[in-house]
Amino acid sequence: MKLWGGRFTKEENQLVHKFNASIDFDQRMYRQDIEGSIAHVTMLAAQGILTDAEKDIIIKNLQQIRSEVEDGTLVITEEYEDIHSFVESVLIERTGDVGKKLHTGRSRNDQVALDMKLYVRDEIDEIDTLLKKLLQTLLSMMEQNLDTYMPGFTHLQKAQPVTFAHHLGAYFEMFKRDRGRLSDIRSRMNLCPLGAGALAGTTYPLDRELTASLLHFDGPTLNSMDSVSDRDYLVELLSALSTIMIHLSRFCEEIILWNSNEYRFIELDDAYSTGSSIMPQKKNPDIAELIRGKTGRVFGALTTMLTVLKGIPLAYNKDMQEDKELTFDAIDTVKGCLVLFEGMIRSMHVKKEIMEISSKRGFTNATDAADYLVRHGVPFRDAHGIIGQLVLICIDRGISLDELPLEEFKKVCPVFEEDVYEAISLKTCVEQRQTLGAPGRAAMEKVITLEKKYLED
Ligand code: ARG
């Protein structure tokens, strides 16, 4: 069932048809394809290119096709080349000569450029909703964990104490930037390519502004060759999706560590864990691992897209059909991962006591001990050396700094007094950190207020 049989004398070879066709994956754009066609005929009628009666018949039938595809009475089959051919062919079967006028002043090149933009725009909105939900979950977990002390790490070595709220807050910022990136992409891509024709516009008096506004674009694109060959927004989208996956994957890596018997900072809910077929004791973090693993396919989509585009001369070339499967797969992957990830962290059990015990070990208060000396007039570099010596003594005895008797402190440096214990307590170490963005409770509360406002806007 070909729209372009006129010039051809031979039937297309079956292998060629299958290789060339995109219907098995572009059928998911049927709603956008119909939406675009409805806007196109509305504009054609407004310009007097079609009559109002013709327009009404076409729109009524397009809507009918849409609802039949939706309820399954009309099945999209592989005999058609792509979703555009399918919709137009069915329309023509049902309306005859009237339907044959739908494609006036249009090419599949600007049509597919439009459909893909409409599709991506809808998906960006859905991903944004999922990101927002994740941010809401993170924020409420942050509010519940303002006093949950945990070690902060550098080089995966204990560094300084923070709180679980603060650690979660780092991811909050990442996912917030992800939303910002999607919104930037959405506004940059939001120009309507329809009316570009095959590549050089058309001789019909189309009103491209009208079509653009009917489809909620900010306006029409300004160069017809660019309109049909621009896939920059897909590169940007796949890059933004890759960044979301980086964030999810890093978070998953931490969750896998925290859930291990060595850390035990959290315990994943049974619903988000799996067992082993041989080892009865096992409860594995498969979901976190799978999300980490799926990151690769989204990066792969980005690399493929970049490679597909790099050598294509202007304007449309069939290479561009390769933009779809990988973009769809990346979108599905990110959406699936976001849903599962949100459920996984919302249901995980946070083991506050174990995090606190862990923060007390590993000399996370050593910087604060040095700062204590600085406050008593010792230059920082000397203080650093003194605390280093004390840490060595503690390691030797298998104790933490706050378990060392005052005489021992004084032997190394006479400046120490009884109040050193208060100064290096876990609570003090965290609470003294009140610079904006730091883990101290008041500083965190300020940030949480700002983030709440951000989520309300
Ligand atoms: N299936 C095609 C694609 O995804 C639609 C455009 C076809 N245009 C053409 N001139 N062959 O790119």
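Please read all numbers here as calculations on a predicted model, not as lab measurements. Order of listing sets the numbers, starting from 1, for every ligand and every atom in it.
Atom 8 (N) of ligand 1 has Asn109 OD1, 3.0 Å as its closest protein atom, hydrogens excluded (heavy atom only). Ranking protein heavy atoms by distance to atom 1 (N) of ligand 1, first place goes to Gln321 OE1, 2.7 Å.
Per-residue contacts place Asp82 under 4.0 angstrom from the following atoms of ligand 1 (heavy atoms of the residue considered): 1 (N), 5 (C).
Under a 4.0 Å heavy-atom criterion, Lys324 is in contact with ligand 1.
A salt bridge does not link Asp332 to Lys335: none of the charged nitrogens lies less than 4.0 Å from a carboxylate oxygen.
In this structure, Lys352 forms no cation-pi arrangement with Phe164, as its terminal cationic atom is not both closer than 6.0 Å to the ring centre and no more than 45° off the ring axis.
Of the residues Tyr233, Phe328, Phe25, the one that meets the ring-ring contact (aromatic ring centres under 6.0 Å, His included) test with Tyr119 is Phe328.
For the 3.5 Å distance criterion, the side chains of Tyr80 and Glu88 fail to qualify, holding no donor opposite an acceptor. Defined by atom type and a distance below 3.5 Å, a donor-acceptor pair is present between the side-chain atoms of His84 and Asp115.
On a distance-only criterion, Tyr316 and ligand 1 share at least one N/O pair closer than 3.5 Å.
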